[in-house]
Amino acid sequence: MLSEMCLAATARRAMDLGFQVILAHDAHATYDVPPGPGGSQRVPAHMAARAAEWSLGDEIVLVGTVDEIGFEPALARAG
């Protein structure tokens, strides 16, 4: 998913619904942001992705890789 668009919107909605959001740094990406008006410089994709993570604030759990996220089967939680 594109970091600053779909991912950020989905994470914000999940938080609004009361879900805990865990985001793996290596599980999203984006494109370079092209130069803007007034001579602003291009923003490299890795920096745009990091800014998208930061924009979600302290309400998310940010981990480095998907390997750091463990999932329990639904039955294990219910029992």
Side-chain angles (χ1 to χ4, degrees):
M1 292 200 287
L2 291 180
S3 307
E4 74 281 9
M5 304 288 183
C6 301
L7 180 119
T10 301
R12 284 189 182 92
R13 182 64 178 141
M15 290 185 288
D16 287 346
L17 293 172
F19 289 97
Q20 179 186 30
V21 174
I22 303 171
L23 176 59
H25 177 75
D26 70 346
H28 65 97
T30 192
Y31 302 107
D32 290 347
V33 178
S40 65
Q41 296 182 10
R42 168 187 78 82
V43 178
H46 72 279
M47 292 181 73
R50 180 63 190 112
E53 293 172 347
W54 180 81
S55 74
L56 295 170
D58 294 335
E59 297 178 53
I60 67 164
V61 175
L62 182 63
V63 298
T65 69
V66 295
D67 294 332
E68 296 176 50
I69 301 172
F71 293 97
E72 295 178 16
L75 294 176
R77 287 185 299 214

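Computed over heavy atoms, backbone and side chain alike; hydrogens, waters and symmetry mates excluded. Sequence positions, counted from 1, serve as the residue numbers for this chain.
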Side chains of Leu23 and Leu56: does their closest heavy-atom pair fall under 4.5 Å? yes
Closest heavy-atom pair and its distance - Val21, Ala14: CG2-CB, 3.8 Å
Between Ser55 and Arg12, is any side-chain donor less than 3.5 angstrom from a side-chain acceptor? yes
Any sub-3.5 Å donor-acceptor pair from Asp32's side-chain atoms to Pro44's backbone N or O? no
Test item: Pro35 and Arg42 side chains (from C-beta on) under 4.5 Å apart, heavy atoms: yes
Same cluster or not: are Met47 and Tyr31 linked, directly or through other Ile, Leu, Val, Met, Phe, Trp or Tyr residues, by side-chain heavy atoms under 4.5 angstrom apart? no
Can you name the closest pair of heavy atoms from Leu7 and His28 and give their distance? CD1-CB, 3.7 Å
Rounded to the nearest 0.5 Å, how far does OG1 of Thr30 lie from CZ of Arg50? 14.5 Å
What closest approach, in Å, do Ser3 and Ala49 show between heavy atoms, and which atom pair accounts for it? OG-CB, 3.4 Å
Measure the shortest side-chain to side-chain distance between Val63 and Val61 over non-hydrogen atoms and say whether it is less than 4.5 angstrom. yes
Any link between Val66 and Ile60 through a network of hydrophobic side chains (Ile, Leu, Val, Met, Phe, Trp, Tyr) touching at under 4.5 Å? no
Closest approach of Ala48 and Val33, non-hydrogen atoms and distance? CB-CG2, 4.0 Å
Gap between atom NE2 of His25 and atom NE2 of His46 - 0.5 Å precision: 9.0 Å
